[in-house]
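In what follows, a structure is listed as structure tokens, so that the remarks can point back to it.
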Amino acid sequence: TRLFATIYYVTPSGNDNSSGLSWATARRTINSALASAVIGDSIFVAVGEYAGFYPQNGVHIFGGFTGVETSLAQRQHLTFGYLPNGLATKIVSNIMASSDSYRIYCYSEATVTTVINGIVLPKSTYRPYMTVFLRGKYALENCSVSEVNPLANYVIYSTSGNPTFS
């Protein structure tokens, strides 16, 4: 059992075989960092473009970092997921390369509040069934969904819990 929560780092130029424990050893994909994380851990994601991911119970994901910060307090102020210079952490592709896939998909229910903060979901070239699928206690903070595909069945869908949006 670990005594302290761990922060994992993700950058577009990272390597999924690295430890992910600093910006210098950052992972490339959010899912790779999630595979190492446990309840209470956080993932700091640098601005750039990423594939979709499967959030995990109690693992918090924070986007909008420039790649030098070591704490959430050092991150610049975000407006709907965007830094003042217009850069953002964007989830630009679905988890699987198919027409009916998701950008963020939760397999199992979050039993503790799980934060997703500072993530931007730009327009998809696919016709997603749902863009975000959640189960349980999720808090989507300072995120945005832009140019929703009119053929999508749902943008954000939750089967249980009371997700919060701010």
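All of these numbers come straight from a predicted model, not from anything done at the bench.
Evaluation of the side chain to side chain donor-acceptor pair (under 3.5 Å) rule for R28 yields no partner, not counting sequence neighbours.
Here OH of Y9 is found 13.5 Å from CZ of R27. Values are rounded to the nearest 0.5 Å. With values rounded to the nearest 0.5 angstrom, L140 atom CG is found 5.0 Å from I116 atom CD1. Between the CD1 atom in I7 and the CG atom in L21 there is a gap of 10.0 Å [rounded to 0.5 Å]. Taken to the nearest 0.5 Å, the OG atom of S144 stands 5.0 Å off from the OH atom of Y82. Taking CG from L78 and CG from N142, the interatomic distance works out to 5.0 Å, rounded to the nearest 0.5 Å. In this structure, T89 OG1 and I119 CD1 are separated by 5.5 Å, a value rounded to the nearest 0.5 Å.
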Quick one: side chains of residues 58-66, donor-acceptor pairs under 3.5 Å with protein atoms, not counting sequence neighbours, listed by atom name and distance.
| unit_1 | atom_1 | unit_2 | atom_2 | d |
| --- | --- | --- | --- | --- |
| H60 | ND1 | V115 | N | 2.9 |
| T66 | OG1 | E69 | OE2 | 2.9 |

Under 3.5 Å, which donor-acceptor pairs do the side chains of residues 42-53 form with other protein atoms, sequence neighbours left out?
| unit_1 | atom_1 | unit_2 | atom_2 | d |
| --- | --- | --- | --- | --- |
| Y50 | OH | A46 | O | 2.9 |

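Looking at T79, its side chain never comes within 3.5 Å of a backbone N or O of H77 through a donor-acceptor pair. For the pair S22 (side chain) and A24 (backbone), a donor-acceptor distance under 3.5 Å is present.
Taking the side chain as every heavy atom from C-beta outward, N15 and T25 never approach each other to under 4.5 Å. The shortest distance between side-chain heavy atoms of Q76 and P84 falls below 4.5 Å. At a threshold of 4.5 Å between non-hydrogen side-chain atoms, the residues N57 and I39 count as touching.
For the residue pair G81 and A88, the shortest heavy atom distance occurs at O-CB, 3.5 Å. Nearest heavy-atom pair across W23 and V10 is CZ3-O, 3.5 Å. Nearest approach of G118 to C143, heavy atoms of both residues: N-SG, 3.8 Å.
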